[in-house]
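So the structure is just underneath, and the comments pick up after that.
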Amino acid sequence: MSERAMSEQAMSEQAMSERAVSEQTGFKSLHNGQAIAQTQIPELAFGDFRHSVVSNLAAGQTVAALFGHVAAGKDGVDLYALLADSAHARLHVGKTHLKDDSFPSLARDCPQVHLFEREIAEQYGIRPAGHTWFKPVRFHASYRPGKDAWERPPGEAPVIGVTDFYRIEGDEIHEVAVGPVHAGVIEPGHFRFQCHGEQVFHLEISLGYQHRGAERTLVGGPDKRTIHTIETVSGDTSIGHATAYCQAVEALADTRVPIRAEVLRGIALELERLANHTGDLGALAGDVGYLPTMSYCGRLRGDFLNLTALLCGNRFGRDMLRPGSVAFDLDENRKKQFVERLDSAASDVANAANLLWNSASVQARFEGTGTVSLETSKALGIVGPSARASGVERDVRFDFPAGIFRFAQVPVSTWMTGDVFARAYVRWMEIQRSITFIRGQLAAFPEGPLRANVGPLKANHFVATLVEGWRGEICHVALTDEQGRFSRYKIVDPSFHNWIALAMSLRDQQISDFPLCNKSFNLSYCGHDL
């Protein structure tokens, strides 16, 4: 058989496989970063849509995004579901049209969607009837004038943090409220504990204080401001979100990124992981009063940030990525300097981490604290190191590889205990593997151009991209209008999935364990609030 015939046969078999998956799920099957015409997305009756979501989640898929969109010239709201199928490295997308101001909630059958449904209600004034605990997410006015999912006097704007909180009644039960203003310079968020003595029965987390309307500012783009909005969705994940955005634009423009640029993007993404994981290990050490590792890692986080600055002049990687390209190169002199500084930081972070693991007093505080089970993590759709610490073997770099990760895989780092120790140790494993990845890329650093031309975006198309940021799965979804401009741009930061995991980790814990549990997740307020 000729090479061409073999290629055609492989493409035919792949198409048959994708058709089979689509028929099984009722949704359209696609790859990470594959642009398709919006007409290819199946529009199902709500009952069929619900059945597809429920059955596919029961089969092990996860919700990457669930969102609403008001299409031009249509009444009501289109409800889109994007499901991630790690077992087959496929994404599945489908939609249904909601004409009424309510729909039957999926949250009782699919806990993963509980926050997505509340977000949809807040944005579009459509109430998920029968939702398990219905309340605002970011406390902003509805995007549809005159459509509000909550009963308020006409013209009354929602007030952030003013809502009904879960209460446990009893003579010996007391409530502890923390925030929204915290000590230091951390972002605002409100935490409310229901306690019996020192024991926490329930923690409820109320956010929204950082809401900036980032998604709405992206509509009508891309333009000169778009990339700057993307890079500041969650400032400590500038590279992660910029990568997802660039891949979306490149798919919509049929742009193939040069391999040298892909390598530099991969290095920048792993440097972002190194800096934040190292900082978290130091912060966890500080929370239990272990100063050697705290001091070392505080400095080493700066070393990794400075390596990013060596790449592009900015410690957070701002202006590093642009659609079709990277804005900065690494010449031989700077590459040599980069390798020397990376080796030095790698040696130092190993010493600092080993001090942590060899301290019996540290392990006594880490082990068994803030446990989240494998079953809970799967049911709630937890992502990233927090999920892998509970034994969930999911990592976008491995399951949905894009960019340089199609050719250079990073092993998935997991632990089974789901406690503070596990969340810390998974970070340490990922630190080591990120260093190995960067060394390998620099050793085989390819020649070639850095930039590819990016033409106009395809009109009336859909694309979804997943990137493994340092906190976990980042999801960007873009829909274009008849002019090839964004008509809807949906962002799901990993913190959107994971704040509920922090609440679960505090159940039956001592309230004094909250700072340690909180730092073991280290979630983003602004990434959640957008």
Side-chain angles (χ1 to χ4, degrees), residues 231-232 234-243 263-286 292-321 326-330 334-357 384-385 395 397 403-405 408 410 413 423-443 445 467-472 474 494 519-520 522 524 527:
E231 289 178 331
T232 53
S234 183
D236 55 14
T237 317
S238 294
I239 293 294
H241 280 287
T243 300
V263 169
L264 287 168
R265 286 182 178 184
I267 289 172
L269 185 67
E270 296 309 302
L271 280 177
E272 188 168 74
R273 195 180 321 277
L274 283 170
N276 287 289
H277 281 359
T278 299
D280 283 352
L281 289 183
L284 284 166
T293 298
M294 181 193 76
S295 301
Y296 283 129
C297 287
R299 188 262 298 176
L300 291 166
R301 174 180 177 272
D303 287 353
F304 289 122
L305 290 173
N306 288 337
L307 281 173
T308 302
L310 183 64
L311 277 181
C312 65
N314 185 285
R315 284 157 55 94
F316 292 100
R318 307 278 170 83
D319 295 329
M320 175 73 185
L321 275 67
V326 290
F328 299 89
D329 201 358
L330 194 61
R334 284 199 301 146
K335 188 175 81 168
K336 181 180 178 181
Q337 182 184 356
F338 188 102
V339 171
E340 291 173 351
R341 290 165 60 175
L342 177 67
D343 289 345
S344 176
S347 176
D348 288 348
V349 78
N351 291 334
N354 287 329
L355 287 173
L356 195 66
W357 312 134
D395 187 315
R397 294 171 295 175
I404 192 58
F405 298 104
V410 179
S413 302
R423 290 188 285 276
Y425 200 75
V426 165
R427 282 176 168 83
W428 168 231
M429 288 191 287
E430 294 192 356
I431 285 171
Q432 296 173 86
R433 286 168 170 169
S434 291
I435 290 170
T436 299
F437 170 86
I438 293 174
R439 283 172 171 163
Q441 295 308 305
L442 291 173
F445 200 49
V467 169
E468 187 68 25
W470 68 272
R471 284 192 182 93
I474 296 168
K519 182 52 66 177
S520 72
N522 194 13
S524 173

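Not measured: the values here are computed from a predicted model.
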**Report entry** Straight-line distance of D329 CG to C312 SG, nearest 0.5 Å
**Finding:** 12.5 Å
Query - Gap separating the CZ atom of R265 from the CD1 atom of I404, nearest 0.5 angstrom - result: 11.5 Å
**Report entry** Donor-acceptor under 3.5 Å (T293 side chain, A352 main chain)
**Finding:** yes
Query - Nearest heavy-atom neighbours spanning L355 and P292 - result: CD1-CB, 4.1 Å
Query raised in the report: Has K336 got more than 12 heavy atoms of other residues, nucleotides or ligands less than 6.0 Å from its NZ?
Result: no
Requested in this report: Test salt bridge (Lys or Arg N to Asp or Glu O under 4.0 Å) on E270 and R273 and set out the steps.
Outcome: CA-CA 5 Å; E270 296 309 302; R273 195 180 321 277; 3.0 Å; yes
Query raised in the report: Heavy atoms, side chains only, cut-off 4.5 Å: are Y296 and N351 in contact?
Result: no
Query - K335 side chain reached by L442 side chain, heavy atoms, under 4.5 Å - result: yes
Report task. Specify the closest pair of heavy atoms between L342 and L274, including all atoms of both residues, with the distance to one decimal. Result -> CD1-CD1, 4.5 Å
Query raised in the report: Can you list the residues that meet the ring pair (Phe, Tyr, Trp, His ring centres under 6.0 Å) rule with F304, with sequence neighbours excluded?
Result: none
Query - Test item: S347 side-chain N/O and S344 main-chain N/O as donor-acceptor pair under 3.5 Å - result: no
Requested in this report: Kindly compute the distance separating CG (L330) from CD (Q337), expressed to the nearest 0.5 Å.
Outcome: 9.5 Å
Query raised in the report: Any sub-3.5 Å donor-acceptor pair from E272's side-chain atoms to A268's backbone N or O?
Result: no
**Report entry** Close side-chain approach of I267 and F338, heavy atoms under 4.5 Å
**Finding:** yes
Query raised in the report: Which value, rounded to the nearest 0.5 Å, describes the distance between W357 atom CH2 and L281 atom CG?
Result: 5.5 Å
**Report entry** Presence of salt bridge, R471 and D236, under 4.0 angstrom
**Finding:** yes
Requested in this report: Over 60° means perpendicular and under 30° means parallel, so classify the ring planes of F437 and F405, tilted if in between.
Outcome: parallel
Query raised in the report: S434 versus V410: any side-chain heavy-atom pair under 4.5 Å?
Result: no
Report task. Step by step, work out the salt bridge (Lys or Arg N to Asp or Glu O under 4.0 Å) result for D343 and R439. Result -> CA-CA 9 Å; D343 289 345; R439 283 172 171 163; 3.0 Å; yes
Query - Residue pair L271 / M320, side-chain heavy-atom distance below 4.5 Å - result: no
Query raised in the report: Between L311 and R334, what is the shortest heavy-atom contact and its length?
Result: O-NH1, 3.6 Å
Requested in this report: Return the minimal non-hydrogen interatomic distance between R427 and N522, and the atom names on each side.
Outcome: NH2-CB, 4.2 Å
Report summary line: d(N276 CG, L305 CG) to nearest 0.5 Å is 7.0 Å
Query raised in the report: Distance from N314 atom CG to E231 atom CD, nearest 0.5 Å?
Result: 8.0 Å
Report task. Would you mind reporting whether L284 and R423 have side-chain heavy atoms less than 4.5 Å apart? Result -> no
Report task. Kindly give the heavy-atom pair with the smallest separation between L269 and G240, and that separation in Å. Result -> CD1-CA, 3.7 Å
Query raised in the report: Any idea which heavy atoms bring P494 and I474 closest together, and the distance?
Result: CD-CG1, 3.7 Å
Requested in this report: Using a 4.5 Å cut-off on heavy atoms from C-beta on, say whether the side chain of R318 contacts that of T232.
Outcome: yes
